[in-house]
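Worksheet: the structure to be examined is printed underneath.
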Number of protein chains: 2
Amino acid sequence: MKNKKTTIKEVAKKAGVSISTVSLVVNNLPYVSAEVREKVTNAIKELNFYPRRNARGLASKTSGNIGFILTENHFSQAEPFYTKIFLGTEFEARKHRYYVLLTTVAPTRTENEEIPRFLLEENVDGVIIAGKIHQSWIEEVQNRNLPLVLIDFEVSRQGVSSVLIDNAEGIHKAVDYLTKSGHREIGFIGGDIKHPSIKSRFTAYKQTLSEKGIEVRQDLISIDQTDTAIENGFVAAKKVMEISGKKPTAIIAANDAMAIGAIRFLKSSGYMVPKDVSVIGFDNVDAAEHVSPKLTTVHVPKEEMGAIAVKRLVEKIQKIDNVTMKTFVGVDLVLRDSTKVLSSKEVIPVK
Amino acid sequence: MKNKKTTIKEVAKKAGVSISTVSLVVNNLPYVSAEVREKVTNAIKELNFYPRRNARGLASKTSGNIGFILTENHFSQAEPFYTKIFLGTEFEARKHRYYVLLTTVAPTRTENEEIPRFLLEENVDGVIIAGKIHQSWIEEVQNRNLPLVLIDFEVSRQGVSSVLIDNAEGIHKAVDYLTKSGHREIGFIGGDIKHPSIKSRFTAYKQTLSEKGIEVRQDLISIDQTDTAIENGFVAAKKVMEISGKKPTAIIAANDAMAIGAIRFLKSSGYMVPKDVSVIGFDNVDAAEHVSPKLTTVHVPKEEMGAIAVKRLVEKIQKIDNVTMKTFVGVDLVLRDSTKVLSSKEVIPVK
DNA sequence: CTAATTTATCGAAACGTTTCGATAATATTG
DNA sequence: CAATATTATCGAAACGTTTCGATAAATTAG
């Protein structure tokens, strides 16, 4: 069925009403009699009418778009954590009749950094920022009075909502599982420790061990890598195995990439995973199922995070709910092959 | 620096010229004196002016957007082959000052299937379709007189360009490598054989073997899976190992997912990869580096495919080159750990 | 019954650009 | 020198909707 590019004028003519009346019907607005509404609806169908996005946008000062911003390094990262989140936003946005425009910005900010064009052109009605980002980008959005939702990042700033991972719960579940499986020498490796998620995973690791009366041993910890890439997991695991006295029987990594790197180090150094050392990751990216052994990991519902962010943003755009919100998405421990039960009885420290 | 939402009117006033003259300067069009051009440019900078996308769109009957369509199953597939292509389009589109709008459609087509909203709203200037798609979606785009580029798919239809994988070259390189490594019993597993890429990979497999004087054995082939998912690789490899007389020393899979499935079957059945059977995949998705052993595979430059598609489409949109083009992207064999050299001397069949 | 309120329909301005034709000045060609 | 072509600048219509206020009819309340 060919689209004949009809306009609202032709619909009005065919239905015998004014353009204004047609607009009321198209937008499902009141003060149109049932009889007229039916006539207009029929004309719309017969003429296969669909309003143009541009014209609606100009007249109503809206764009129908949501901006999605992330940093360049997150954009190109091998493990598609943020692309899953993006796909989640796209699917949910569609339900609300929004398009999602994707862009990247530099991780740091200099004077002449290019501002996303969709901000300059006023081509988005709200913005989602995924991951850690320089504060000046947040200011750039807020200065334009655009609704903003952050994903996996938070700032103490008025009017910014966040969709966050319940990192503490995830790490708690991981430590809990390990201690219930008989592990006491549990290490932690991480990178980019200033990232709020990594920081809170590390805090939760120490806190949960303390709650269980297990000593937090510094020689089982390595968290000074610049980022959470695979190769930094390799290096961090290497350091832990080198400096630790009594070796860990389990290592919790700040994310799956570092867990994979840790497994690579361990295997290449003659340790067997999980026979000698269990490894747990965080995120549950696709690779977790492909590495050998398959990675036990804390599953983060990435597409759901994207969907929730869209819901929050659309509410802000439509001014349904102006409350600043922090939404924590629950996590689950997915048991695969990289963890081993040492003993079925939880070890209770003797003192 | 706060954006004060200035309009072209204010720029005109400040520069002491007309709106039309400002528009000529903004769009870098001729018939403006150098003196006036400088005055206007200064005013634009001082007022931090940026034209609205909506207004420009309405006036020029353009959207500034490119539509990106793929099927729902491709959208949600675990291995992010098409998301890599999408990311490639986004990066390239940005250079040409286009936004990319992503959507999915059903793999098949029924009467009341929803047409992508960006087509209905005339909100794209051209469309990229990635992967195999029902012909009616192609018609839906062409009926709207929109420029169209297909990725990893082709149809014998007027005016449709394609960015394709040089499947034959990839398979040729894989077979060549294997035969040069001493393999003669080389199997092939595939699914969704009607997909042009898969079909041409299979054809190339047979053809290259024949060129080398190696018999194409039907008992080393399994290609009747419905799609190229991991579990179908498992099943196809199982079938090949069950029905074949002299067992294969190598299996070429139609894609990485099936290669991974094949490795899983082989390992779970007591075979060692590559000691007993070498495995080669196609695509080089992220998982190829994570499976054990790491997968030898034909690398497809996915982001480049996306970038090329955007370039072709932008040319079509701007009517720079209306020629229908097929662009084949080169591929490379990436040697990892899943292939073994049987003998360093290429086996030349004795007859 | 009358006044007040709600419902129904419409005309036209507005949204912010692009672009075409009008007008005039300048440059080139025969 | 005159005719023709090019360059420069501008006014206003157009693009296709939304939406506000005008006008009138219908309904409700006192």
Side-chain angles (χ1 to χ4, degrees), chain A residues 3-41 43-44 47-65 97 117-118 120-125 318, chain B residues 3-41 43-44 47-65 97 117-118 120-125 318:
Chain A
N3 180 27
K4 295 158 75 89
K5 293 181 181 176
T6 54
T7 70
I8 199 167
K9 276 176 181 147
E10 283 137 309
V11 176
K13 198 166 188 177
K14 190 172 183 72
V17 297
S18 74
I19 291 164
S20 321
T21 302
V22 176
S23 182
L24 290 174
V25 174
V26 165
N27 290 290
N28 218 22
L29 291 169
Y31 297 165
V32 180
S33 72
E35 180 195 345
V36 164
R37 193 178 295 271
E38 190 185 339
K39 276 202 301 180
V40 172
T41 302
I44 287 169
L47 296 174
N48 203 28
F49 171 71
Y50 217 100
R52 305 304 187 269
R53 180 67 257 172
N54 279 339
R56 308 189 87 174
L58 183 59
S60 62
K61 293 193 170 212
T62 60
S63 67
N65 302 324
R97 320 201 117 249
R117 193 165 50 93
F118 57 52
L120 297 172
E121 296 189 325
E122 292 191 10
N123 200 21
V124 290
D125 299 332
Q318 292 169 357
Chain B
N3 181 25
K4 294 160 75 101
K5 293 179 181 176
T6 54
T7 69
I8 200 167
K9 276 174 182 148
E10 283 137 307
V11 176
K13 196 168 189 175
K14 186 170 186 71
V17 297
S18 74
I19 290 167
S20 320
T21 302
V22 177
S23 183
L24 291 174
V25 175
V26 165
N27 289 291
N28 217 23
L29 291 169
Y31 298 165
V32 179
S33 73
E35 181 194 345
V36 164
R37 194 178 295 270
E38 191 186 339
K39 276 203 301 184
V40 172
T41 300
I44 287 169
L47 295 173
N48 203 29
F49 170 70
Y50 218 98
R52 302 312 183 266
R53 180 69 257 171
N54 280 337
R56 308 189 88 173
L58 183 59
S60 62
K61 293 193 171 209
T62 61
S63 67
N65 302 325
R97 318 202 120 246
R117 192 167 51 94
F118 58 53
L120 298 170
E121 295 189 325
E122 291 190 10
N123 199 22
V124 290
D125 299 333
Q318 290 168 359

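In what follows, every chain begins at residue 1, and chains take the letters A, B, ... in the order their sequences are listed.
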Taking side-chain contact (heavy atoms from CB on, under 4.5 Å) as the test, write out the residues that go with [X], two or more places apart.
X	result
A/S23	A/I8, A/N27
B/K9	B/T7, B/I19
B/A59	none

Please report, rounded to the nearest Å, how far the [atom2] atom of [N] is from the [atom1] atom of [X].
X	N	atom1	atom2	value
A/R52	D/dT18	CZ	P	12 Å
B/E121	D/dG16	CD	P	15 Å
B/I8	D/dG11	CD1	C1'	14 Å
B/I19	D/dA13	CD1	P	13 Å
B/L58	C/dT18	CG	C1'	10 Å
B/N123	D/dG16	CG	P	15 Å
A/K9	C/dC10	NZ	P	16 Å
A/K61	C/dT17	NZ	C1'	13 Å

Salt bridge (charged side-chain N to carboxylate O under 4.0 Å, His left out) partners of residues 11-28 of chain B, not counting sequence neighbours, each pair once | B/K14-B/E46
Check for a donor-acceptor pair, side chain of [X] on one end and backbone N or O of [Y] on the other, with a separation under 3.5 Å.
X	Y	result
A/N54	B/K61	no
B/N65	B/N123	yes
A/R117	B/R97	yes

A/T6 side chain reached by A/N48 side chain, heavy atoms, under 4.5 Å =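 Side chain of A/N48 against side chain of A/T6, heavy atoms only: no contact under 4.5 Å found.
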Counting side-chain heavy atoms from C-beta on, which of D/dC10, D/dT18, C/dG11 comes nearest to B/V17?
->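 Ranking D/dC10, D/dT18, C/dG11 by closest atom to the B/V17 side chain puts D/dC10 first.
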To the side chain of B/F49, which of D/dC10, C/dC10, C/dT17 is closest?
-> C/dT17
Closest contact, heavy atoms only, B/A12 versus B/V22 |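 Shortest heavy-atom separation between B/A12 and B/V22 comes out as CA-CG2, 3.6 Å.
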Of the residues in residues 20-30 of chain B, which ones touch DNA chain D at a heavy-atom distance under 4.0 Å?
->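 Those residues are B/S20, B/T21.
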Near DNA chain C, under 4.0 Å by heavy atom, which residues of residues 31-40 of chain B?
->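 Here the set is empty: none.
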Short side-chain N/O contact to C/dT18 OP1/OP2 from B/S60, under 4.0 Å = no
